Amino acid sequence: MRITSLLSLIRGIRFKTFEKGDVLIEKDSKEGDIFFIRKGLVRSYFFNENADEITFQIFAEKSFFGNIHAMMLHQSSKFTYEALEKTKVYTLPFDAFRKLMRENAEKLEVDRSFMFQSTFSQIYNRMESFVIMSPEQRYEKYVKDHPNIIHRVPDKYIASILGITPVSLSRIRGR
C-alpha cells in the first residue's frame, strides 16, 4: 500500500458527535460516508406504504455502517439513520475509501471481498431468519447476538426489527 494513499485516507477521517435524535443520514440522501461507532446507538428506519415507521437495523459500538444504497447501488438512501443516544463516530468519505481501493487493488482485494461477503452474509441471514425461524426464535437469536442493545432501545424498535408487534414481543418475553 502506498504511504501517500494511507496518509490521504487518514486525513479524510473525521470525528463527530451526534445528540439523541440527530439524523446522520437523511432518506433520499446520496451522501456516501462510512461511519464507525465509537460510542452510542444508531438506527436505520423507513416508512412503509401505510406510513408505519419500520426500524430496519440498530448499530452499536464498534459497528460500521453507511448509506449502502449510495455506496454500492448509486441510488438515494431508502433509510433515515438516527442517533438513539449521544453517539460518537468516526467518518470517512466513501470516495476516499474507493480511491484507496482502486490505487491498491491487488493488496486490498482480500479486504474488499471480505467486506462484501460480510454484508451479503448479514442480509442473507436476516432474510433466512424470516423464512425459517418463528418470531420467538428470532427474538432469542437477536438477544444472543445483540445483548448490549436489547435494554437500551424501546421495545417497539426491537419488535419492528423482528417483524412482530410490540404486544407480540411482550408475550414472547413473558414466556
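Computed from a predicted model, the values in this text were never measured in an experiment.
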Sequence neighbours excluded and cut-off under 3.5 Å, please list the side-chain donor-acceptor pairs for residues 49-59, or say none.
{"from": "E53", "atom 1": "OE2", "to": "R43", "atom 2": "NH1", "distance (Å)": "3.1"}
{"from": "E53", "atom 1": "OE2", "to": "R43", "atom 2": "NH2", "distance (Å)": "2.7"}
{"from": "T55", "atom 1": "OG1", "to": "R43", "atom 2": "NH1", "distance (Å)": "2.8"}

Search all heavy atoms of [X] against all heavy atoms of [Y] and return the closest pair with its distance.
X    : Y    : value
A60  : S63  : O-OG, 2.8 Å
K141 : M133 : CD-CE, 3.4 Å
E61  : G40  : OE2-N, 2.9 Å
F130 : L162 : CE2-O, 3.4 Å
G21  : E82  : CA-OE2, 3.8 Å
P147 : D145 : CD-C, 3.5 Å

Discussion item. Once salt bridge (charged side-chain N to carboxylate O under 4.0 Å, His left out) is applied, do any residues pair with K88, and if so which ones, sequence neighbours excluded?
Written reply: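 So K88 forms no salt bridge (charged side-chain N to carboxylate O under 4.0 Å, His left out) with any residue.
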Discussion item. Tell me every residue that passes salt bridge (charged side-chain N to carboxylate O under 4.0 Å, His left out) with R173, counting only those two or more places apart in sequence or in another chain.
Written reply: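 Applying salt bridge (charged side-chain N to carboxylate O under 4.0 Å, His left out) to R173 gives D155.
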Worksheet item: So with a 6.0 Å cut-off around CD of E26, is the heavy-atom count from everything else above 12?
Response: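 Incorrect, the count does not exceed 12.
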Sub-4.5 Å side-chain heavy-atom contact between [X] and [Y]:
X    : Y    : result
E140 : E136 : yes
K16  : D33  : yes
F46  : T80  : no
L169 : I158 : yes

Discussion item. Under the ring pair (Phe, Tyr, Trp, His ring centres under 6.0 Å) definition, can you give me all pairs with a residue in residues 140-175, not counting sequence neighbours?
Written reply: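 Non-adjacent pairs meeting ring pair (Phe, Tyr, Trp, His ring centres under 6.0 Å): Y142-H146.
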Practice prompt. Walk me through it: do I34 and F64 pass the test side-chain contact (heavy atoms from CB on, under 4.5 Å)?
Written response: CA-CA 7 Å; I34 298 170; F64 284 97; 4.0 Å; yes
Donor-acceptor under 3.5 Å ([X] side chain, [Y] main chain):
X    : Y    : result
R126 : I161 : yes
R152 : N148 : yes
Y81  : G66  : yes

Which distance, rounded to the nearest 0.5 Å, do you find between the [atom1] of [X] and the [atom2] of [Y]?
X    : Y    : atom1 : atom2 : answer
S76  : K30  : OG    : NZ    : 4.5 Å
F18  : L41  : CZ    : CG    : 14.5 Å
D22  : K86  : CG    : NZ    : 10.5 Å
K62  : R38  : NZ    : CZ    : 12.0 Å
S129 : Q137 : OG    : CD    : 10.0 Å
L24  : T87  : CG    : OG1   : 7.0 Å

Shared hydrophobic cluster, [X] / [Y] (ILVMFWY, side-chain heavy atoms < 4.5 Å):
X    : Y    : value
V167 : I164 : no
I13  : F36  : yes
I25  : F79  : yes

Worksheet item: Taking the hydrophobic residues Ile, Leu, Val, Met, Phe, Trp and Tyr, and joining any pair whose side-chain heavy atoms are under 4.5 Å apart, which ones share a cluster with Y45?
Response: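 Grouped by the 4.5 Å side-chain rule, F47 form the rest of the cluster around Y45.
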Worksheet item: With sequence neighbours left out, what residues match F35 under ring pair (Phe, Tyr, Trp, His ring centres under 6.0 Å)?
Response: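 Checked F35 against ring pair (Phe, Tyr, Trp, His ring centres under 6.0 Å); matches are F65.
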